[in-house]
Amino acid sequence: MARTNNVTELIFSGLFQDPEVQRACFVVFLPVYLATVVGNGLIVLTVSISKSLRSPMYFFLSHLSLVEISYSSTVVPKFITDLLSKIKTISLESCVAQIFFFHFFGVAEILLLVVMAYDRYVAICKPLHYMSIMNGQLCHILVAGSWFGGFFHSIIQILITIQLPFCGPNVIDHYFCDLQPLFKLACTDTSVEGVIVLANSGLIALCSFLLLVSSYIVILVNLRNHSAEGRRKALSTCASHIMVVVLFFGPAIFLYMRPPSTFTEDKLVAVFYTVVTPMLNPVIYTLRNAEVKVAMRRLWGKKNSGMERKWESDL
């Protein structure tokens, strides 16, 4: 059957219907998004400039922060502006593009978290061989593989989506474009596509989560052979990563591992992983990491002293 699209524009139902509540959400979520961009951007800048943050762990952290900015920016700016709009519209092409980048950056983040867990495993379980194993070439390969994995996953999602015909209702029961809400608008049976999406999205999240859990079980078992001070340092290093993993994978597994036949988007859970979690990551990593805090102070100290000298010379 030939693919036909009578629908060229889609309408979001939004998060809430009450205009007052939407304005309140705008006041709350705009600063959260700005904090996400500034916080993660500051980590990228600090790692790229600071000579004390040259280890593989910080190389991966800077890429994770870059992914967080991109991931949040795929959904949140449109969501925030829609909070002030009566009718929240998006073209079908833009909706497909949003799905592509949302899944691209989302899976890239999942794979980066797995890479960071492997980095901690090598650092704690094979400390004498750490620098020889986690050399510059391997680090770049692992990061490139994470980006490519996200791209490959997202291409599969898009190839499924663009073949569907849309000829009926055009109201998406969500505040952004995702596969399951869009599938409900297709004027054909999407049960097979739903199973493929479940396999592609859900299993990636589940398998990655199991890998992460396994790596940290091995790390915890290995820590029994370390001194009390060594265990304290290792656990402190891993704690930030574990917190980020739980915050990201909890909602993702909850939403994407349910069968397509009973899939109902929980918008509040979606708000958590699209708006809140990207903001929390820089807070978690900077508050629990003394090296990052010291490097940021040095960076701001240099900027402030440079501005003072310029001000004095102007006088």
Side-chain angles (χ1 to χ4, degrees), residues 31-73 105 108-147 219 229-230 232-245 247-248 277-313:
V32 169
Y33 174 66
L34 294 176
T36 298
V37 175
V38 172
N40 284 288
L42 191 56
I43 288 179
V44 174
L45 180 64
T46 303
V47 172
S48 63
I49 292 177
S50 177
K51 294 181 180 178
S52 63
L53 303 179
R54 287 288 182 255
S55 69
M57 180 177 71
Y58 297 114
F59 175 71
F60 298 138
L61 176 58
S62 66
H63 277 272
L64 181 67
S65 295
L66 183 61
V67 168
E68 290 285 17
I69 294 172
S70 306
Y71 177 74
S72 183
S73 298
F105 295 123
E109 178 169 357
I110 288 174
L111 298 178
L112 275 172
L113 289 172
V114 174
V115 167
M116 293 174 76
Y118 175 70
D119 172 71
R120 290 301 85 204
Y121 161 77
V122 176
I124 294 169
C125 299
K126 301 182 180 181
L128 298 178
H129 303 284
Y130 177 69
M131 292 312 297
S132 60
I133 295 175
M134 300 302 296
N135 56 66
Q137 182 181 9
L138 179 62
C139 290
H140 283 89
I141 289 173
L142 291 173
V143 167
S146 299
W147 287 98
I219 288 172
E229 181 64 17
R232 187 191 65 79
K233 288 183 178 179
L235 289 173
S236 177
T237 303
C238 295
S240 300
H241 188 245
I242 293 173
M243 289 173 67
V244 171
V245 167
L247 287 172
F248 184 85
T277 300
M279 180 203 67
L280 293 177
N281 287 359
V283 175
I284 292 169
Y285 279 111
T286 53
L287 288 181
R288 297 191 60 87
N289 193 303
E291 287 182 312
V292 174
K293 286 191 285 188
V294 169
M296 284 185 173
R297 288 195 196 102
R298 287 175 181 169
L299 176 65
W300 283 105
K302 287 179 181 178
K303 285 190 173 182
N304 290 335
S305 61
M307 290 176 65
E308 287 174 4
R309 285 196 295 270
K310 184 179 184 301
W311 182 70
E312 289 172 358
S313 63

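Quick note: numbers below take in every heavy atom, side chains included, and nothing from hydrogens, waters or symmetry partners.
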TODO: Not counting sequence neighbours, which residues clear side-chain contact (heavy atoms from CB on, under 4.5 Å) with V38? List them please.
DONE: none
Task: Residue pair L280 / L247: nearest heavy atoms and the distance that separates them - done: CD1-CD1, 4.0 Å
Task: Straight-line distance of M134 CE to L142 CG, nearest 0.5 Å - done: 5.5 Å
- [ ] Would you give the length of the straight line joining atom CG of L45 to atom OG of S50, rounded to the nearest 0.5 angstrom?
- [x] 10.0 Å
Task: Residue list, side chain to side chain donor-acceptor pair (under 3.5 Å) with S48, at least two apart or on another chain - done: none
Task: V67 versus F105, closest heavy-atom pair with distance - done: CG1-O, 3.3 Å
- [ ] Only pairs at least two apart or in different chains count here, so list each side chain to side chain donor-acceptor pair (under 3.5 Å) that has a residue in residues 118-132.
- [x] D119-Y130
Task: Test side-chain contact (heavy atoms from CB on, under 4.5 Å) applied to V44 - qualifying residues, sequence neighbours left out - done: S65, L66
- [ ] Measure the spacing between CG of L53 and CZ of R298 and express it to the nearest 0.5 Å.
- [x] 9.0 Å
TODO: Considering non-hydrogen atoms only, spot the tightest contact between L42 and T46 and give its length.
DONE: O-OG1, 2.6 Å
Give every donor-acceptor pair under 3.5 Å between a side-chain atom in residues 55-64 and any protein atom, sequence neighbours left out.
residue: Y58; atom: OH; partner: N289; partner atom: OD1; Å: 3.1
residue: Y58; atom: OH; partner: N289; partner atom: ND2; Å: 3.2
residue: Y58; atom: OH; partner: E291; partner atom: OE1; Å: 2.4
residue: S62; atom: OG; partner: F59; partner atom: O; Å: 2.7

- [ ] Keeping to residues at least two apart or across chains, list the side chain to side chain donor-acceptor pair (under 3.5 Å) pairs with something in residues 134-146.
- [x] none
